[in-house]
**Student:** 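Below: one structure in structure tokens.
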Amino acid sequence: MEFEILKEDAKSGARRGRLTTAHGVVETPVFMDVGTLGTVKALEPRDLKELKSQVVLGNTYHLLLRPGPEVISAAGGLHKFMRWEGPILTDSGGFQVFSLAKMRKFSEEGCRFNSHLDGHEFFLGPEESMEMQRVIGSDIAMVFDECLPYPCDRERAVASVERTLRWAVRSKAAPHAEHQAVFGIVQGGVYDDIRRHCAEELVKIGFDGYAIGGVSVGEPEQFMYQAVEASVPYLPKDKPRYVMGLGVMHQMAECVARGVDMFDCVIPTRIARHGTAITRTGNLAIKAAKYAFDQSPVEPGCECYCCRNFTRSYVRHLIACGEILGLRLLTIHNVWRLNEFMREMREALDNDCFVEWKASVLSSMQPQNKGETND
RNA sequence: GCGGGAGUAGAUCAAUUGGUUAGAUCAACAGAUUGUGAUUCUGUGGGUUGCGGGUUCGAGUCCCGUCUCCUGCC
């Protein structure tokens with residue numbers, strides 16, 4: 001895997017880059033679609049192509065539970081299994097055992113947990129996670145890490161980060177697929193010096209890219225930026241940086257300004273299924289009565305399949321009835337919206353006007369995106 | 001025409017021999033969602049208990065009248 005920096009912004013920490021993986025080129029900054037179980041929910045691979053999505057995420061945790069490594073292996077890897085020819089990034093399962101598994105026990109070896117599906121017992125450690133990611137055949141594998149909750153006291157954060165670092169060494173040493181890049185993950189909670197230490201130690205181990213983890217776990221927004229600011233300066237310039245779990249537009253713009261290249265998030269697809277459309281000015285709850293007779297598209301001016309062909313009135317009807325097409329159309333719109341957002345961001349970087357673009361976009365957004373109309 | 005039954009929130013129904021401010025579920029409406037949760041979570045509004053009178057300290061509940069619907073008989 002190669003990462004090339006095409007341009008560095010003069011007025012911020014932002015970079016315009018290009019990541020070359022075994023399954024294609026990724027223009028950064030990029031938003032990556034979450035496809036936990038080998039599918040971006042409600043979308044087909046051909047939709048993703050049309051929506052200009054660049055990378056799909058797969059989940060080690062979920063795919064380990066179902067369908068299991070044997071099935072993925074028999075298919076010849078996840079690309080062939082799900083018929084997605086583009087790049088795939090896999091999460092290691094570290095976050096999932098933290099957020100999903102009910103019964104879990106961490107040890108130096110890894111984490112013993114019970115499946116959230118049926119209680120069946122599993123074990124995931126650095127070696128197990130890397131082996132599963134090898135079978136999946138993702139283009140980018142993530143190290144198995146421990147995600148700290150918020151809040152978290154300093155003593156625990158120190159101990160956890162030391163373990164995460166030992167696990168990072170083991171993850172790197174474990175066999176992985178020939179074409180597979182491996183990213184380390186910076187942890188450390190809200191403690192700047194621990195973040196720095198973690199970043200520096202990861203760089204010594206040496207990875208193809210670096211993620212900032214443990215954000216968007218319930219902490220106030222400024223801590224999120226603080227975690228980025230405490231990590232980025234200690235990461236190599238020539239490697240991609242990835243903030244895990246972020247997908248809110250203004251948050252991504254702020255992180256790019258601080259030197260981040262990659263993001264992923266469930267938000268666009270999840271809120272679509274719950275009836276919320278993302279627009280450039282904020283969120284729009286399509287279920288609201290005021291849209292019952294509205295003959296305009298979900299987002300006027302949008303060029304996605306949903307907005308080119310259907311009305312708010314119709315989409316509202318579908319969502320109100322729980323129709324599958326409603327979930328699909330809103331998912332199409334939201335994924336397109338975020339991809340467009342990132343494309344505009346890259347264009348602004350190409351044209352040396354990122355800071356101006358960011359200011360203009362942020363000022364046109366509803367404060368906190370809460371509830372107001374956007375028509 | 002006669003007998004029996006039923007009328008309670010937008011819908012379907014609760015509410016102890018008469019006893020706190022008439023509840024639930026769906027629907028409606030409003031929020032939430034950050035390394036995935038479609039059919040999820042949280043909250044809000046909504047009632048002259050068909051109508052009118054009476055008994056009672058107190059009536060959705062008992063009595064009288066009346067209206068509407070269901071059902072049976074002639």
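Proteins get letters first, then strands, A, B, ... in listed order; numbering begins at 1 in each.
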**Student:** Rounded to whole angstrom, note down the C1' distance from C63(B) over to U20(B).
**Tutor:** 26 Å
**Student:** Does OP1 or OP2 of U34(B) have a side-chain N or O of Arg270(A) closer than 4.0 Å?
**Tutor:** yes
**Student:** Using a heavy-atom cut-off of under 4.0 Å over every strand shown, decide if Thr276(A) touches base, sugar-phosphate, or nothing.
**Tutor:** base
**Student:** Between U17(B) and A30(B), how far apart are the two C1' atoms, rounded to whole Å?
**Tutor:** 44 Å
**Student:** How long is the line joining CE of Met249(A) and P of U33(B), in whole Å?
**Tutor:** 14 Å
**Student:** Quote, to the nearest angstrom, the P distance that separates G10(B) from A6(B).
**Tutor:** 23 Å
**Student:** Examine the base of G35(B) for any acceptor or donor lying under 3.5 Å from a partner atom in the side chain of Gln187(A), and report the outcome as yes or no.
**Tutor:** yes
**Student:** Does Ala272(A) reach a base, just sugar-phosphate, or nothing at all? Heavy atoms under 4.0 Å.
**Tutor:** nothing
**Student:** Could you run through RNA chain B and flag its stems, i.e. three or more consecutive Watson-Crick or G-U pairs with both distances under 3.5 Å?
**Tutor:** B:1-7 with B:67-73, B:10-13 with B:23-26, B:28-32 with B:40-44, B:50-54 with B:62-66
**Student:** For the residue pair Ser138(A) and Gln180(A), confirm or rule out a side-chain donor-acceptor distance under 3.5 Å.
**Tutor:** yes
**Student:** Does either side chain, that of Gln187(A) or that of Thr164(A), offer a donor lying less than 3.5 Å from an acceptor on the other one?
**Tutor:** no
**Student:** Would G43(B) be called syn or anti here, given the cut-off of 90° from 0?
**Tutor:** anti
**Student:** Find the distance Leu318(A):CG to A38(B):C1' and express it as a whole number of Å.
**Tutor:** 14 Å
**Student:** Please report the distance separating the C1' of U12(B) from the corresponding atom of A27(B), rounded so that it comes out in whole Å.
**Tutor:** 11 Å
**Student:** From A30(B), U33(B), G35(B), pick the nucleotide closest to the side chain of Ser92(A)?
**Tutor:** G35(B)
**Student:** Using atom C1' in both nucleotides, what's the gap between A15(B) and U71(B) to the nearest angstrom?
**Tutor:** 26 Å
**Student:** Got more than 12 heavy atoms from elsewhere within 6.0 Å of CD, Glu85(A)?
**Tutor:** no
**Student:** Take atom P in U34(B) and the same atom in U42(B), then report the distance between them in whole Å.
**Tutor:** 16 Å
**Student:** Need to verify one output field. Residue with the more 5' nearest nucleotide on RNA chain B, Lys287(A) or Ile324(A)?
**Tutor:** Lys287(A)
**Student:** Expressed as a whole number of Å, how far does the P atom of U8(B) sit from that of G60(B)?
**Tutor:** 15 Å
**Student:** Using distance alone, with no hydrogens and no angle criterion, decide if His116(A) and Tyr61(A) have a side-chain donor and acceptor under 3.5 Å apart.
**Tutor:** yes
**Student:** I need the CG-P distance between Leu330(A) and U39(B), as an integer number of Å.
**Tutor:** 15 Å
**Student:** Could you check whether Glu356(A) and Ser360(A), counting side-chain N and O atoms only, form a donor-acceptor pair closer than 3.5 Å?
**Tutor:** no
**Student:** For Ser53(A) and Asn339(A), test the side chains for any donor-to-acceptor distance below 3.5 angstrom and give the result as yes or no.
**Tutor:** yes
**Student:** Identify whether any heavy atom of Gly94(A) sits under 4.0 Å from a base atom; if not, whether one sits that close to sugar-phosphate; answer base, sugar-phosphate or nothing.
**Tutor:** nothing
**Student:** Please check the phosphate of C29(B) (OP1 and OP2 only) for any side-chain N or O of Arg316(A) closer than 4.0 Å.
**Tutor:** yes
**Student:** Phe144(A) vs Trp167(A) aromatic rings, parallel, tilted or perpendicular, using cut-offs 30° and 60°?
**Tutor:** tilted
**Student:** Classify Gly322(A) by what it touches in the nucleic acid, base, sugar-phosphate, or nothing, heavy-atom distance under 4.0 Å.
**Tutor:** nothing
**Student:** Rounded to the nearest Å, what distance is computed from the CG atom of residue Asn59(A) to the P atom of nucleotide U34(B)?
**Tutor:** 14 Å
**Student:** Tell me if the CZ atom of Arg308(A) is crowded by more than 12 foreign heavy atoms within 6.0 Å.
**Tutor:** yes
**Student:** Choosing from C29(B), U34(B), G35(B), which nucleotide comes nearest the side chain of Ile267(A)?
**Tutor:** U34(B)
**Student:** Send over the distance from Lys41(A) NZ to G35(B) P, rounded to a whole Å.
**Tutor:** 12 Å
**Student:** Using atom CD1 of Ile271(A) as one end and atom P of A38(B) as the other, report the distance to the nearest whole Å.
**Tutor:** 15 Å
**Student:** When we call it a touch if two heavy atoms are under 4.0 Å apart, what does Leu100(A) touch: a base, just sugar-phosphate, or nothing?
**Tutor:** sugar-phosphate
**Student:** From U34(B), C29(B), G35(B), pick the nucleotide closest to the side chain of Ala289(A)?
**Tutor:** C29(B)
**Student:** Check whether more than 12 heavy atoms from other residues, nucleotides or ligands sit under 6.0 Å from atom CD1 of Ile324(A), and answer yes or no.
**Tutor:** no
**Student:** Using salt bridge (Lys or Arg N to Asp or Glu O under 4.0 Å) as the criterion, point out the one residue from Arg18(A), Lys239(A), Arg15(A) that pairs with Asp261(A).
**Tutor:** Arg15(A)
**Student:** Say you pick atom P in G23(B) and the same atom in U44(B); how far apart are they, in whole Å?
**Tutor:** 14 Å
**Student:** Classify the nucleic acid contact of Asp264(A) as base, sugar-phosphate or nothing, counting any heavy atom under 4.0 Å across all strands shown.
**Tutor:** sugar-phosphate
**Student:** State whether His274(A) places a side-chain N or O below 4.0 Å from either non-bridging phosphate oxygen (OP1 or OP2) of G31(B).
**Tutor:** no
**Student:** Output the rounded distance in Å from CD1 (Ile286(A)) to P (C29(B)).
**Tutor:** 12 Å
**Student:** Tell me: CD1 of Ile88(A) to C1' of G35(B), nearest whole Å?
**Tutor:** 16 Å
**Student:** Both Leu246(A) and Ala320(A) contact RNA chain B. Taking the nearest nucleotide for each, which residue is further toward the 5' end?
**Tutor:** Ala320(A)
